[in-house]
Structure formats: structure tokens, C-alpha cells
Amino acid sequence: MTKQTFSKFRRVLLGSAAVLTLAAAPALAASQGVEPVAVSAGVSTVVPALMPMPASVSLPAGALPLSGGVTVQWEQQPSPLLARAAERFTKRINALAGRVLPQQPDGNQVGQTASIPVHIQVGEDRGALTVHAKESYSLQVNASGVALTAEGPDGVLHGLATLAQLVTRGENGPQLAFATITDSPRFPWRGIMIDTSRHFMAVETLQRQLDAMELLKMNVLHLHLSDGTGFRVESKRMPELTEKGSHGQYYTQRELKDLVAYAADRGIRVVPEFDVPGHALAFLLAYPELAAQSPVNPEPKNKNNAALDPTVPATLRFVRKLYAEMGKLFPDAYFHSGGDEVDPKEWMKNPKIVAYMKENGFATPQALQAHFTAEVQKILADQGKIMVGWDEVSEAPIPKDVVVDVWRSSKFLASASADHHPVIVSAGYYLDLLQPASQHYLVDPYDPAANGITRAQADKLLAKGGRPDLVNAFLKEPAPAPLTDEQKQYILGGEAPLWSELVTDEMLDARFWPRAAAIAERFWSPASVRDVNDMYRRLAVVDAELQLTGLQAQANTHRMALRLSPGNADPVECLASATVPLRNYVMNRYVSHHGDALDEIGEVTSPDPFPAVRFSMLVDQYVAGDRSVLPALKAQMQVWRDNDVAFQQVATVRGLSEAVPISHNLAVMAGAGLDALNGHKKKLSTADKKVFDQEETLINSSADVSGSFFGTTFPPGGLMISVEPAIRKLVGL
């Protein structure tokens, strides 16, 4: 890539944030009935990007200069937790403002301004750090400084997170925007789930996610700690679990206690998951006598299938002993026991289990699992815990106290809430599906028809040999009736899970964020906040703030690109700016057919690249008649067109060479788009039209989950050109 092309590429990428942060309507303050406040001397007004959007917000004209930093002032003596929160907040403000520290001791420097006073008043809350926590707060920023009032410490943390998002940059440097905000969450349970079993994640990596969660007002870290791939905790009562099931990668008990404390400091509860009776291979490597199928194969084709034998008394003794030890590491009231994806064959191929079922009147494996679930619930209740289980546990009668974590289809939130089970909604928020933020953003936790497969998709899966019980569980038709007001009372909130088959420690930041920020808004903000374009406008700014305050998504992704192309990662990153990895677990099959190695450009690409989002938004503006965006559109497509030559020069190694055809196709599309914008109305050649049609078919098929589990033919590099639909509009296809 030439120096000139490189400069254009950088300009275009950096320009994406500018376009996505267009100023909000100036009538906002007036619509809220708030009298605008005068702008502080010499400071211009820039509309901040708030996410999650507060319940009530007014942004009158004005801002305070931040060159002098902030000083937190408490109305009463703060607790140690709040004192540490204030210290974190001050550091974040300095990072966002770009203040050079330490300050010089001379307080009479030219241009130096006084620090902004942040007055905080907080009430006592015995329900802090629980689902009953008082999380509301009010925030006032005006010429006098900042006033933050909260009913409890959780509200203070949330108010400080919002205050950090009021940092903008004007003509004279960093500033704090004037605001009047009254805020409270829509749901009390707002979480993410990290799978540490399939790929182990370092403690420092988990801490970064907690830092980001605090800034987005998420308050539950669901930590998946055992599965077929590995058991990830030091066990002192059953050391065989760690010795034989962890493969040498696990957290010490001290590390987990420290992590729980680190989370609590940020208003985040840690809910552990130790999955039973399925996903049990790591357990069975240590205790093969508990297996439903013997002998235990330590390296099966599918490590998720191995299950415990629920008819052996020793199994429940094992669960009781395990949960008692693990429960002490995690003081939260909730404990996730899994319960998902129990393969019926594991039990039905065991004559002793079949005989047990007949003797005890269990007609189906689901009925047997319901009995087992009830026993596990009793164990957890005896230990002072509330049981959480995946929605499979609700397929047969189980105790009402069991919290149902809905994941297969949104319809289960209707059935579970109708049976008076508390519900956590994960369906529609699976980040490992590699779907764009916009798709998750429009899934409402109260909508029982929001997520699942259609009847036509189900029929395709059944025709290809899919298990009827599994296919029907994902079926969302016919759509359930909307939730009643009574049912809505049982919806605690939701989680954004990220299973880590294709996520290494190095990739975790980028696979979670910033998409999880959009989901955080869905869990916090009013249901009426659904403008996708405005969400992306704010998301670009929030993503930058996350990187400035410690997240390593961009740094790690750049390092991965440099590893593939040492000395010149620009062509790799340029191609990644217009492409996305295959979606809906098609990427999982691609990787499995390419040696299970996570060292290709598909791991560098984002499911939702901002340059592609920006470009698509500009195209919509252009098609609607706005010709002012023409230079930006041309500049972007010229960069993509010219990048093909540069990419071919570096794509001489495994991990990049597979994507050469995709780079060429992008160049063809960009060239056609430029011709259209330059007034060249020539008809596309048959070959060029075929490129568009192939990419269009690929995008449509990748969005269809019914085809995600079959087939062995994949696009080059496992990539799709995400800007194809936008360029198609320009060329008139």
C-alpha cells in the first residue's frame, strides 16, 4: 500500500466516528422543558453520546472546562467501596480528557482552571449488590459543578458512569457537558456470560470485562466454569477435578475470591455455573464411575455429550460436595447449575438407567431430568442458594423457585413466566453467533416471539436429519401471545452470552465489545429507545471511550493483524473494514474444516465493523437525495478498490491467502460503485454481476440458521462482504 493510499485509508477509518457521532437535535433541551444554561466562557458545546440512554435526560447548552480535572466531595463519609469508585472515576476522567499527569506543583500556570466539584449524596441500601438494589440516581451538571444523588451505592456507580460519558472535546480542549438526568434501570438483571471452559481466560482479561461492564451499567457476570472441555477451578475437597479435568488451566480459589471482590467494587455480582447433568466430561475424567456411558472416552468427537448418571446416589453426593465448596467462593444468592443439552442417548443407551426410569414412572428423559433438577434445587436451597438453569429444565414440572435462563427460543420466556418461574433472557443476545449489534438491539426481553427459527427453517433442518425435539425447541411459530403484566413481573432481565469455541483470551475484548454495549442499553433503557442509526452513532463514541479507559479490543486486533502480516497490517485491516466473519455458527464449521486453528483473517474481522456501518448509512442518505455525502462515499470505495493490490502482496501465507478472492470481489464491487457515482451508467459485466449475486446469496444464507449445521462448502477465508447490499443500491441492482 502506498503512503498516499495509507493516508486515505486512515482518514476514512477515522472518519467513521465523525459520521456516526452527528449532533443530536438541538431541540432536545427545549422538548424537556428545561431552560438552557449559558455556555462557560471559551468552551463550545458538543452533544455527548450516552449509553445506555438514561430514562430522562436533558442536555442544555453549556459545558465546564476539564483542564483542571475533578474533585469528588461527599455529603457524608463514603464507604471504602465508594471511595475506591471515586478514585477510579477520577482516573477515567483524566484518561478521557487527556490530562497529562502528574500536574506541575505551580498552581499559577497560564490557562490552568480550577477543578470541577462533584458533590455526591448517597443513601443506605441494605439490598446493595442484589437484584433488589436501589440503582436509581439523579445527576445535575451546570455552571456550579456536579451534583449526584443516589439512593444507594449502586446508584452512585451508575451516576459516575454516566458522568464519564459527558466528557467531550471542544475547541478549547476537554469539557464536561451540562446535563439534567434522572435515571433508573428497566431490569435488575443485566449481565454477560463468559465461557472459560472451552478457552481459558486470564484473570486480567476478566477484570477488563468487569471494568467495561461498570461503564455500561451491567451488573451480573455469569461465569461458565465447567464443561466438557475443562473444569477451571482449584478444588481442595476434590483435587482430582483440578488435576484431571483442568488440563493445567484453572483459577485458584484465591484468584476467584479476589475477582469476586473486584466485581463487587464495580457493582457487579458474579454468578458461577457448574453444569450438570450434561456437559460433564471434565467431571468424568476425575470420576468415571459417575458416567452414564462407560468407559469414558477422554477424547470424544463431541466433548459436550458426556453426561452424569442421575440414577446413581453417588452423583447427587458429588453435586452436593462440589456445590458446597464452590458456593463458598461465590457469595451471591444465585448459582447456575446448567441443565442444558442433555443428549437422550446418553441415558437411553444405558440399560440400568432405562430400567430405573420404568421402575419410577419416568416416561421420557425430560421427566428424569426434571426429577434430577428438583434434587439439585434442594441441594442448593439447603446451601442457601437460588438455582438457575437453562430452559431445558423447564420442559417438565420443576420447583417454582428455579430461575429459567431462556436460550433456545424466546417462546420459553412465555411458558416459564406463565408457570411463575423467574426468567433471565439470553435468547437473542448470543454474541458468539457473530451477528451485528443492530440485530441484538431490536430483541426485547419481554417479546416471546423475538428469537427462534421459522417453520420453514425447521422443516429444512428436519429434512436434513435434525433431531425433532431439538428443532422444535428452537421453533418460534406459532408465536406465543404477548406477555401479560403478571408474566412481565417474572422477567428479571437478560444476559449476553459468549461461548468461546472460537474466542481466545486475545480475542475476548473485541468479541464482547462494543456489541455488548448495545445490549446493555436494551436491558437498561426504556423499550422506546430503539433507533438503530442513533444507537450506532453513540456506539462509536462509547467504543472509543472503552479503549481509552482500558479495553484492549483494538490493540489486540491490530496485533493479530500484524502477526499475519508483519510490518504492514494495513491491507489486512482495510479488508477487515468491509467484511464480517460467517454468522450463526457457520464460522464454527469453517474453522473445524480448516484445522481448528484460530489464526486467520476471520479472527481479525469484526461482526460489526464501524467503517462498513458508516458506509451503509451514507449510502442510505445518498439514495434519499443527500448529495453532500458523495465525496465520503467515493473516498471509501476508492480505498477498498485499491486495497486489492496491496492485500495480494501480503497475502502469501496461511491465514491470509485464503481471503484473496474476497479481496478481489470487494475491489470489483467498489469499482462498480465508483463507476455508478461518477455517472458511468455502463451495464455490469456478467462476471461482475456474478460477484454481487454470489455475495448476496452468501449473506442471505448465512442469516438462515436452518443451514448452519450442514455442508462443507465455505466462502474464501470464511468472510462475507458486509457492504455488498449498500453497494448494490448504488449500482442499481
Side-chain angles (χ1 to χ4, degrees), residues 8-26 28 46-51 53 434-443 513-515 517-519 521-522 525 529-546 554 573-580 583 605-641 643 666 669-670 672-674 676-677 692 695-696 699-700 703 720-733:
K8 284 184 178 179
F9 172 51
R10 286 297 184 203
R11 286 201 303 271
V12 170
L13 286 182
L14 293 173
S16 65
V19 172
L20 289 172
T21 55
L22 297 173
L28 177 60
V46 178
V47 176
L50 301 179
M51 184 174 282
M53 183 63 72
L434 302 179
Q435 296 164 340
S438 56
Q439 191 161 337
H440 301 299
Y441 188 68
L442 295 178
V443 175
W513 311 98
R515 291 183 300 153
I519 298 174
E521 180 158 281
R522 181 54 52 238
S525 302
V529 179
R530 292 175 62 83
D531 186 323
V532 170
N533 283 352
D534 186 64
M535 177 273 290
Y536 274 123
R537 174 189 71 81
R538 292 176 288 119
L539 192 64
V541 180
V542 169
D543 184 45
E545 292 170 349
L546 290 174
Q554 291 180 6
E573 293 178 324
C574 185
L575 180 58
S577 72
T579 57
V580 294
R583 294 171 175 151
T605 53
S606 164
D608 215 11
F610 278 124
V613 172
R614 165 192 181 263
F615 179 81
S616 298
M617 291 170 63
L618 291 178
V619 167
D620 287 341
Q621 289 178 243
Y622 178 81
V623 171
D626 182 359
R627 295 299 183 261
S628 68
V629 302
L630 190 59
L633 287 174
K634 287 183 178 181
Q636 179 66 86
M637 285 191 292
Q638 184 175 335
V639 167
W640 284 333
R641 182 196 63 188
N643 187 64
L666 176 61
M669 291 180 184
L674 281 170
L677 292 183
F692 277 92
E695 288 297 325
E696 181 86 356
I699 290 172
N700 291 337
M720 301 186 296
I721 300 177
S722 62
V723 295
E724 187 277 338
I727 300 179
R728 175 177 284 263
K729 293 178 185 177
L730 294 178
V731 301
L733 290 178

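As a basis for the values below, the full set of heavy atoms in this structure was taken, side chains included, without hydrogen atoms, waters or symmetry mates.
Taking the side chain as every heavy atom from C-beta outward, Arg538 and Val541 never approach each other to under 4.5 Å. You'll find the side chain of Leu677 reaches within 4.5 Å of the side chain of Leu730, heavy atoms only. Counting only heavy atoms from C-beta outward, the side chains of Phe615 and Met637 approach each other to under 4.5 Å. Contact of the Val723 side chain with the Met669 side chain is not registered, since no non-hydrogen atoms from C-beta on lie closer than 4.5 Å. The side-chain heavy atoms of Val639 and Cys574, taken from C-beta on, include a pair separated by under 4.5 Å.
Atom CE of Met53 and atom CZ of Arg530 lie 15.0 Å apart (nearest 0.5 Å). The structure places CD of Gln439 at 11.0 Å from CG of Leu434, a figure rounded to the nearest 0.5 Å. Leu674 CG to Ile727 CD1: the interatomic distance, rounded to the nearest 0.5 Å, is 8.5 Å. Note that the CE atom of Met617 and the CZ atom of Phe610 stand 10.5 Å from one another [nearest 0.5 Å].
Heavy-atom minimum distance, Glu521 versus Leu50: OE1-O, 4.1 Å. The heavy-atom pair separating Tyr536 from Ser438 by the smallest distance is OH-N, 3.2 Å. Val629 and Gln621 make their closest contact through CG1-NE2, 3.7 Å (heavy atoms, listed as atom of the first residue, atom of the second, distance). Minimum heavy-atom separation, Ala726 to Val619: O-CG1, 3.5 Å. Pairing each heavy atom of Met51 with each of Val542, the nearest pair is CB-CG2, 3.7 Å. Here the closest non-hydrogen pair linking Leu618 and Ala632 is CD1-CB, 3.8 Å.
With hydrogens and angles ignored, the 3.5 Å screen pairs a side-chain donor or acceptor of Asp608 with a backbone N or O of Ala437. Although no hydrogens or angles enter the test, the distance criterion places no donor-acceptor pair under 3.5 Å between the side chain of Arg537 and the main chain of Ala49. Side chain of Asp543 to main chain of Leu539: no donor-acceptor pair is present (N/O by atom type, distance under 3.5 Å, no hydrogens or angles). A side-chain donor-acceptor contact under 3.5 Å links Ser722 to the backbone of Ala578.
Remark: of the listed residues Glu724, Arg728, Glu696, Arg728 is the sole one forming a side-chain contact (heavy atoms from CB on, under 4.5 Å) with Leu733.
The salt bridge (Lys or Arg N to Asp or Glu O under 4.0 Å) check on Glu695 picks up nothing, with sequence neighbours excluded. With sequence neighbours excluded, no residue satisfies salt bridge (Lys or Arg N to Asp or Glu O under 4.0 Å) with Arg641.
Identified under the salt bridge (charged side-chain N to carboxylate O under 4.0 Å, His left out) test for residues 618-633, with sequence neighbours left out: Asp620-Lys729.
Judged by the 6.0 Å and 45° rule, Arg522 forms a cation-pi pair with Tyr441.
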